[in-house]
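Notes follow the structure.
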There are 2 protein chains.
Amino acid sequence: MLSQKTRYAIRALQHLADHHGEGPVPLTDIAETQKIPAKFLTVILSELSREGLVDTQRGRDGGYWLALSPIDISYGDIVRLTRGSLALTPCASRFAHESCTNCLPESECRLHRIMLRVRDETARVLDSISLAEPVSLDI
Amino acid sequence: MLSQKTRYAIRALQHLADHHGEGPVPLTDIAETQKIPAKFLTVILSELSREGLVDTQRGRDGGYWLALSPIDISYGDIVRLTRGSLALTPCASRFAHESCTNCLPESECRLHRIMLRVRDETARVLDSISLAEPVSLDI
DNA sequence: CGTAATTCTATTATTATAGTAGACAATAGC
DNA sequence: GCTATTGTCTACTATAATAATAGAATTACG
């Protein structure tokens, strides 16, 4: 499962994508529209800023905006950044691979091979959709 | 991510599939071969037994065995039983649907639609593989 | 009966998650 | 320069989930 925090991050980024090119969007705007607890959102947006996904400006008329064009940010990127991995087991992660605790060697683990396939399919879907996508019911 | 417990459950069931038709397999056999803490495995196998996936016999020469033929147990079934859902968000679960907390209505939530697609792809993979599969590197 | 096995209930330790508090820093506009 | 506004950072807390253990109870075979 994606954590609540990851879900908030994605919806916040969607909101910024919707207002891309309109200058800084204040945090309270995002919080209210997307129903995200404001204080928690400060933590989330600060992390996204540190990771280079959003730019910020302090002070009056400050706020947040996407550091890249929406079309250049895929859902796969976001999940990898906020959650660390798309995979369902540590051993199946491509970019954050770890061996599972108390497991057989990967070469003997049937679950490992299955999880690689699930990860590949998940990546195929999430890497093909960007924040620019309207994501209507029929895509 | 799948929990450690779910991963143990899957590997335990694989072990039982490997010895299907050979009578009761004692818990310690499974624990040793699969490197699963024995006491924890009792909890896991008891649950699988309550859910009807394995049958058990107590006492001397007792143990566990699959209640169904390995070919009739898919990885999708196992994950749904032990984890509740294949989906990455509560709102994207087909059999254990819940609305996400602090979310927009599902009809307006772009993330919801994306997660439905990921769940469908995950289900396609996991429902197509059964415990009878050797799951070699090339399938 | 005795031994080898599973079963059940309860408990614990650890970690992750979700969220809050409050001091601090920067900026724009008057 | 003042001040209101807005983001930043560190620390903290409460709750829940996870992983695992303890120990008594039950069953069944011989």
Inset, instruction - Remember a base hit wins even if backbone is also touched, and classify A:T28 as base, sugar-phosphate or nothing at under 4.0 Å, heavy atoms. - result: nothing

Legend entry - A:E121 and B:T122 side chains, donor-acceptor separation under 3.5 Å: no

Legend entry - Selected nucleotide, minimal atom distance to B:R58 side chain, candidates D:dT6, C:dT7, D:dA28: C:dT7

Legend entry - Short side-chain N/O contact from A:T56 to OP1 or OP2 of D:dT8, under 4.0 Å: yes

Inset, instruction - Nearest whole angstrom, please: distance from the C1' of C:dT6 to the CD1 of B:I36. - result: 16 Å

Legend entry - Candidates C:dT7, C:dG22, D:dT21 - which lies nearest the side chain of B:P37: D:dT21

Inset, instruction - Please list, chain by chain and in numerical order, all residues satisfying ring-ring contact (aromatic ring centres under 6.0 Å, His included) with A:Y64, sequence neighbours excluded. - result: none

Legend entry - Distance-only side-chain donor-acceptor flag, B:Q14 / B:R11, under 3.5 Å: no

Inset, instruction - Report the stems of DNA chain D as range-with-range entries sorted by first number; a stem here is at least three consecutive pairs, Watson-Crick or G-U wobble, both distances under 3.5 Å, and write none if there are none. - result: C:1-30 with D:1-30

Inset, instruction - Decide whether B:S99 and B:E106 meet the rule of one side-chain donor and one side-chain acceptor closer than 3.5 Å. - result: no

Legend entry - Under 3.5 Å: donor-acceptor pair, side chain of B:S74, backbone of B:D77: yes

Inset, instruction - Rounded off to whole Å, could you give me the CE-to-C1' distance for the A:M1 and D:dT18 pair? - result: 16 Å

Legend entry - Closest listed nucleotide, where the reference is the side chain of A:N102 and the choices are C:dT7, D:dA20, C:dG22: D:dA20

Inset, instruction - Using a heavy-atom cut-off of under 4.0 Å over every strand shown, decide if B:L45 touches base, sugar-phosphate, or nothing. - result: nothing

Inset, instruction - Find the distance A:Y64:OH to C:dT27:P and express it as a whole number of Å. - result: 14 Å

Legend entry - Short side-chain N/O contact to D:dT8 OP1/OP2 from A:S46, under 4.0 Å: yes

Inset, instruction - For A:E32 and D:dT6, give me the distance from atom CD to atom P, rounded to whole Å. - result: 11 Å

Legend entry - Side chain proximity check, B:R80 to B:L86, heavy atoms < 4.5 angstrom: yes

Inset, instruction - Please state how far atom CD in A:E47 lies from atom C1' in D:dT10, giving the value in whole angstrom units. - result: 13 Å

Legend entry - Atom CZ of B:R124: over 12 foreign heavy atoms under 6.0 Å: yes

Inset, instruction - Round to the nearest Å and state the distance from B:K35 atom NZ to D:dA20 atom P. - result: 13 Å

Inset, instruction - Would you tell me whether B:Y8 and A:N102 have side-chain atoms, one donor and one acceptor, within less than 3.5 Å of each other? - result: yes

Legend entry - A:D61 side chain, from C-beta outward: closest of C:dC8, D:dT8, C:dG29: C:dG29

Legend entry - ILVMFWY network linking A:L81 to B:I114, side-chain heavy atoms under 4.5 angstrom: yes

Inset, instruction - Using atom CZ of A:R60 as one end and atom C1' of D:dG1 as the other, report the distance to the nearest whole Å. - result: 16 Å

Legend entry - Given C:dT20, C:dT7, C:dA5, the nucleotide with the shortest approach to the side chain of B:S49: C:dT7

Legend entry - Phosphate-side-chain proximity, A:Q57 and D:dT5, N/O vs OP1/OP2 below 4.0 Å: no

Legend entry - Side-chain H-bond candidate by donor/acceptor type, B:S3 with B:T6, under 3.5 Å: yes

So which protein N/O to nucleotides 11-18 of chain C N/O distances come out below 3.5 Å?
| residue | atom | partner | partner atom | Å |
| --- | --- | --- | --- | --- |
| C:dA18 | OP1 | A:Q4 | N | 2.8 |
| C:dA18 | OP2 | A:Q4 | N | 3.4 |
| C:dA18 | OP2 | A:K5 | N | 3.3 |

Inset, instruction - Report the distance from atom NZ of A:K39 to atom C1' of C:dC24, rounded to the nearest whole Å. - result: 11 Å

